[in-house]
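Heads up: the structure comes next, in structure tokens.
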Amino acid sequence: MLGSLRRELARGLGEEIRRKFGVEHLPVVETPPRRSLGDLALPAPLHLARQLGRKPRDIAQELAAGWTLPDGVCELRVEGAGYLNVFLDRPRFAAALLTAEPFGPPREAPGGKAIVEHTNINPNKAAHIGHLRNAVLGDLLVRCLRALGRQVEVQNYIDDTGVQVADVVVGFCDLEPTSYADVKALPEPFDYYCWDLYARVGRWYEQDAARLELRRKTLHELERGQGERAEMGRLISHRIVARHLRTMARLGIGYDLLTHESHILALHFFSVANEQLVARGVLRLESEGKNAGCWVMPLEGTAEFAGLEDPDKVIVRSDGTITYVGKDIAYQLWKFGLLGKDFGYRYWMDQALWMTAVEGASDHPAFGGATDVVNVIDARQSYLQKIVRAGLAALGHDEAARRSIHFAYEMVSLSPATARLLGVESEDGKAQEMSGRKGIGVKADDLLDRLEEKARDEIAARNRDLEGPELADLARKIATAAVRFFMVKTSTTRVIAFDFEEALDFEGDSGPYLQYALVRARAIERKLAEAGRGGNLDATAIAGQRPELWSDDLWDLVHASASLADTVERAATTLELSLVARHALELAQRFNALYHHHPVLHEEDAELAAVRRAAFALFARALATLCDLLGIPEPARM
RNA sequence: GCGCCCGUAGCUCAGCUGGAUAGAGCGUGAGCCUCCGGAGCUCAAGGUCAGAGGUUCGAAUCCUCUCGGGCGCACCA
């Protein structure tokens with residue numbers, strides 16, 4: 001809403017500048033630091049001063065004179081060093097906002113399908129809070145893109161043939177021999193059992209390096225897909241994925257397709273990709289040196305990969321197996337519909353979720369074939385993702401390489417206090433990295449359990465009458481809000497040092513704070529309805545109210561609510577998703593700060609009450625929309 | 001050695017593609033519930049924006065260097 005006005009102002013002023021000074025300039029539109037200065041600010045005169053060799057204020061005066069302003073602007077002032085500040089017609093703007101769609105029509109042609117890949121947890125142990133950051137960010141991105149009109153396909157990549165699964169297979173087959181039937185019969189939580197077993201296998205290898213031969217043997221069987229160990233691998237992977245999906249479902253996170261690495265192998269995706277890679281001369285068979293017998297991708301000579309110790313990346317190992325990068329190039333080609341080969345598909349268990357298959361159902365939705373691909377993968381894998389991109393480009397798929405985005409975010413480590421809680425000694429005051437291999441980390445379900453328990457206590461203390469399923473449901477909603485907000489409130493470029501005490505805090509910068517503000521705004525509306533003063537807001541009447549009724553603080557709330565679409569769009573384009581969380585927080589803070597100065601139910605002046613009600617309605621709609629994007633559920637009470 | 005990320009209040013973090021008086025939360029101190037929900041609000045204290053140069057009318061923001069911290073640079077992913 002505010003966005004279209006910003007664009008109109010920028011375009012209008014640009015024309016004015018061209019007409020009066022004969023210069024091409026694309027004006028930026030800012031928000032002034034104080035409302036008394038205006039609703040929007042155009043610093044163009046400051047930018048033009050040097051080029052035109054004139055004082056900014058003079059330029060501003062000249063531009064202001066005779067400029068026909070866009071509809072809805074009621075005043076233009078020259079402020080400060082030479083800003084052109086715009087004041088909006090408050091009643092009319094609020095009225096227009098009341099009847100507008102939150103996101104309006106898509107600004108640009110939405111383009112084709114976008115594939116977002118996230119979660120991607122190795123199916124060999126329980127999900128931890130690092131995986132949670134990935135899934136929560138990925139899911140937020142998906143929700144933002146969909147809100148902006150994009151068609152999105154969500155994929156969760158299951159590496160069911162990798163070393164990590166192999167290690168747990170070794171655990172069940174060699175370290176603690178357990179029959180297939182017994183593994184199948186192990187009680188839940190199966191992922192917790194594997195978490196410990198995986199760590200034990202790691203220590204077991206350390207005691208005798210010869211045992212690593214078992215890992216190699218297992219890995220080969222997993223890749224071939226045949227034999228006892230492959231069967232065991234499938235069982236483990238299946239049971240763990242079921243647990244991961246359940247964990248994510250607690251947070252409202254879901255997927256369209258589970259892509260299995262085993263199917264990429266079984267359907268020989270890489271062979272097809274490999275033909276192209278060899279034909280194009282992207283891969284080279286090494287006959288000597290440390291990479292003898294391997295197919296490598298030479299990276300030297302490009303600025304992007306300058307300064308590497310070893311300028312060659314192994315794609316096919318000397319034993320004929322394929323590295324992760326090789327598989328990922330093939331997978332990436334498939335995502336863009338460039339491989340010339342497709343998976344089979346079938347339902348995952350009985351849910352409305354699809355998974356890849358070797359031979360699948362005859363009738364299934366079309367997967368893959370996207371125009372844009374976003375891979376949500378932590379920043380430690382940037383180097384590998386760059387190689388995958390370079391592979392696409394080397395095959396001549398420059399467009400696909402350009403549209404292949406690695407959404408890199410920093411990892412989650414443990415605060416010293418939390419590390420100590422887990423029995424890990426941390427060096428003086430330093431954060432401790434998690435390690436699945438060592439079994440060091442906070443499990444996602446443990447965190448959720450603790451959050452729900454705390455939420456239940458907090459709710460029960462405030463609402464004595466609540467119990468049973470209703471209480472459990474509210475607790476789940478509040479726990480979801482807490483963890484999801486925690487994971488997205490900080491910039492993606494920053495390492496999160498996870499701290500239990502901070503994560504369990506429902507006050508201040510937190511998900512429950514947002515929920516509380518929303519619940520309170522809803523309560524006002526409910527009370528009005530109970531008093532027979534509810535019903536639809538009359539936009540025409542609002543538009544005609546005296547502007548003085550819109551005090552600055554109420555107007556600020558509306559102003560902030562109106563930049564929702566802008567913020568979401570900026571977040572989606574820059575992949576700085578914390579903007580969504582921060583905007584929601586800003587709205588909630590503004591509302592909390594002012595609502596008790598602006599009674600609605602007890603206001604005798606009907607016009608003033610109507611204005612306040614409209615402001616709160618606009619706020620509630622904006623915050624509810626943002627919470628929806630953030631995956632923060634709205635509790636009926638709390 | 002090379003590459004990426006970070007350094008802003010005691011702690012955790014914002015600071016909108018250079019702009020108006022650097023802001024929140026936690027913590028600390030003092031207040032606010034006969035009045036639409038106190039998971040809230042108000043006020044106070046708290047800053048060499050790591051450091052040094054440079055560009056600019058203007059730098060926390062851009063450039064260079066230095067110092068700290070994190071993470072990468074496998075026939076693991």
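Keep in mind that this is a model prediction, so the values were computed, not measured.
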Inset, instruction - Tell me what A:A41 touches on the nucleic acid: a base, only sugar-phosphate, or nothing, going by heavy atoms under 4.0 Å. - result: base
Inset, instruction - May I ask you to establish whether A:R450 and A:F500 are in a cation-pi arrangement, using a distance under 6.0 Å from NZ or CZ to the six-membered ring centre and at most 45° from the ring axis? - result: yes
Legend entry - Distance in angstrom units between A:E458 CD and B:G38 P, rounded: 15 Å
Inset, instruction - Look at all strands and tell whether A:I478 reaches a base, only sugar-phosphate, or nothing, counting heavy atoms closer than 4.0 Å. - result: base
Inset, instruction - For the side chain of A:Y383, starting at C-beta, report the closest nucleotide among B:C73, B:A39, B:U21. - result: B:C73
Inset, instruction - Classify the side chain of A:R50 and the base of B:U56 as holding, or not holding, a donor-acceptor pair under 3.5 Å. - result: no
Inset, instruction - Would you mind reading off the distance between A:Q385 atom CD and B:G72 atom C1', rounded to a whole angstrom? - result: 13 Å
Inset, instruction - Could you state the atom-to-atom distance from CD of A:Q51 to P of B:U56 in whole Å? - result: 16 Å
Legend entry - Side-chain donor/acceptor of A:S318 to base of B:C75, under 3.5 Å: yes
Inset, instruction - May I ask you to check whether A:D499 and A:S415 show a side-chain donor-acceptor distance below 3.5 Å? - result: yes
Legend entry - Between B:U17 and B:G69 - C1' atom distance, rounded Å: 27 Å
Inset, instruction - Check the distance between B:C57's C1' and A:R54's CZ and give it to me in whole angstrom. - result: 16 Å
Inset, instruction - For B:U21, give its Watson-Crick or G-U wobble partner with both distances under 3.5 Å, or none. - result: none
Inset, instruction - May I ask you to decide whether A:E433 forms a salt bridge with A:R380, counting only side-chain N to carboxylate O separations under 4.0 Å? - result: yes
Inset, instruction - Answer yes or no: is there an ion pair linking A:K477 with A:D473, defined by an N-O contact shorter than 4.0 Å? - result: yes
Inset, instruction - Give a yes/no on whether any side-chain N or O of A:R494 is located under 4.0 angstrom from OP1 or OP2 of B:G70. - result: no
Legend entry - Minimum-distance nucleotide to A:R34 side chain [options: B:U21, B:A24, B:C35]: B:U21
Inset, instruction - Could you check whether A:E525 gets within reach of a base, just the sugar-phosphate, or nothing at all, counting any heavy atom under 4.0 Å? - result: nothing
Legend entry - Nucleotide forming a Watson-Crick or wobble pair with B:C16, both distances under 3.5 Å: none
Inset, instruction - Look through every strand shown and name the nucleotide pairing with B:G40 as Watson-Crick or G-U wobble, where both distances are under 3.5 Å. - result: B:C32
Inset, instruction - Please determine, for the side chain of A:E507, which listed nucleotide (B:G40, B:G37, B:C41) has the closest atom? - result: B:G40
Legend entry - Side chain of A:M411 - closest among B:C5, B:G70, B:C36: B:G70
Legend entry - Toward the 5' end of RNA chain B, by each residue's nearest nucleotide, A:G293 or A:H47: A:H47
Inset, instruction - Assign A:A292 to base, sugar-phosphate, or nothing according to its heavy-atom contacts below 4.0 angstrom with the strands shown. - result: base
Inset, instruction - Please evaluate the base of B:A39 for a donor-acceptor partner in the side chain of A:R462 within a cut-off of under 3.5 Å? - result: yes
Inset, instruction - Report which part of the nucleic acid A:H598 touches: base, sugar-phosphate, or nothing (heavy-atom distance under 4.0 Å, all strands). - result: base
Legend entry - Rounded distance in Å between the C1' positions of B:G72 and B:C16: 31 Å
Inset, instruction - Examine B:C41: is either OP1 or OP2 under 4.0 Å from a nitrogen or oxygen in the side chain of A:Y513? Give yes or no. - result: yes
Legend entry - C1' gap between B:A44 and B:U61, integer Å: 30 Å
Inset, instruction - Specify the separation, in whole Å, of atom CD of A:Q164 and atom P of B:A74. - result: 18 Å
Legend entry - Ionic contact status for A:D312 with A:R284, cut-off 4.0 Å: yes
Legend entry - Lys/Arg N to Asp/Glu carboxylate O, A:E569 vs A:R6, below 4.0 Å: no
Legend entry - Lys/Arg-Asp/Glu bridge criterion (N-O < 4.0 Å) met for A:D552, A:R35: no
Inset, instruction - Using a heavy-atom cut-off of under 4.0 Å over every strand shown, decide if A:A593 touches base, sugar-phosphate, or nothing. - result: sugar-phosphate
Legend entry - Proximal nucleotide (of B:C36, B:G25, B:C13) relative to the A:P599 side chain: B:C36
Inset, instruction - Give A:V519 one of three labels, base, sugar-phosphate or nothing, depending on what nucleic acid heavy atoms sit under 4.0 Å from its own. - result: base
Inset, instruction - Specify the separation, in whole Å, of atom CZ of A:F619 and atom C1' of B:C36. - result: 14 Å
Legend entry - Aromatic ring proximity A:F485/A:Y513, centre distance under 6.0 Å: no
Inset, instruction - Mind checking A:I459 for me? I need base, sugar-phosphate or nothing, with any heavy atom below 4.0 Å counting as a touch. - result: base
Legend entry - Among B:C36, B:C5, B:A77, the nucleotide that comes nearest once only the side chain of A:D159 is considered: B:A77
Legend entry - Salt bridge present between A:E213 and A:K217 (N-O < 4.0 angstrom): no
Legend entry - A:H406 side-chain N/O to A:I377 backbone N/O, donor-acceptor pair under 3.5 Å: yes
Legend entry - P spacing across the pair B:A59 / B:G54, given as an integer number of angstrom: 12 Å
Legend entry - Nucleotide nearest A:C294 (side chain, heavy atoms from C-beta), chosen from B:C75, B:A20, B:A14: B:C75
Legend entry - Pair assignment for B:A60, Watson-Crick or G-U wobble, requiring both distances under 3.5 Å: none
Inset, instruction - Look at all strands and tell whether A:E433 reaches a base, only sugar-phosphate, or nothing, counting heavy atoms closer than 4.0 Å. - result: sugar-phosphate
Legend entry - Complementary nucleotide for B:A45 - Watson-Crick or wobble, under 3.5 Å: none
Legend entry - Integer-rounded Å distance: B:A39 P and A:N592 CG: 10 Å
Inset, instruction - Identify, between A:P32 and A:V314, the residue whose nearest nucleotide on RNA chain B lies closer to the 5' end. - result: A:P32
Inset, instruction - Considering just the side-chain nitrogens and oxygens of A:S491, establish if one lies under 4.0 Å of OP1 or OP2 belonging to B:A14. - result: yes
Legend entry - Whole-Å C1' distance, B:C62 and B:C2: 24 Å
Inset, instruction - Identify whether the distance between the nearest side-chain nitrogen and carboxylate oxygen of A:R582 and A:E586 falls below 4.0 Å. - result: no
Inset, instruction - Go through B:A14, B:A77, B:G38 for me and flag the one nearest to the A:Y516 side chain. - result: B:G38
Legend entry - Any A:S382 side-chain N or O less than 4.0 Å from OP1/OP2 of B:C4: no
Inset, instruction - Remember a base hit wins even if backbone is also touched, and classify A:L37 as base, sugar-phosphate or nothing at under 4.0 Å, heavy atoms. - result: base
Legend entry - Euclidean distance, atom CG of residue A:L575 to atom C1' of B:C5 [Å, nearest integer]: 16 Å
Legend entry - Sugar-phosphate, base or nothing in reach of A:V163, heavy atoms under 4.0 Å: sugar-phosphate
Inset, instruction - Record whether the side chain of A:N85 comes under 3.5 Å of the base of B:A20 through a donor-acceptor pair of N or O atoms. - result: yes
Inset, instruction - Take atom P in B:G10 and the same atom in B:C5, then report the distance between them in whole Å. - result: 27 Å
Inset, instruction - Provide the distance between the two P atoms, one in B:G53 and one in B:A77, to the nearest whole Å. - result: 49 Å
Inset, instruction - Could you work out the separation of B:A45 and B:A50 based on their P atoms and round it to a whole Å? - result: 24 Å
Inset, instruction - Determine the contact category for A:M638: base if any of its heavy atoms lies under 4.0 Å from a base atom, sugar-phosphate if only primed atoms, P, OP1 or OP2 are that close, otherwise nothing. - result: base
Legend entry - B:C4 - base-pair partner by Watson-Crick or wobble geometry, distances under 3.5 Å: B:G70
Inset, instruction - Could you check whether A:R570 gets within reach of a base, just the sugar-phosphate, or nothing at all, counting any heavy atom under 4.0 Å? - result: sugar-phosphate
Inset, instruction - Would you indicate, yes or no, if B:G37 has its OP1 or OP2 atom less than 4.0 angstrom from a side-chain nitrogen or oxygen of A:K527? - result: yes
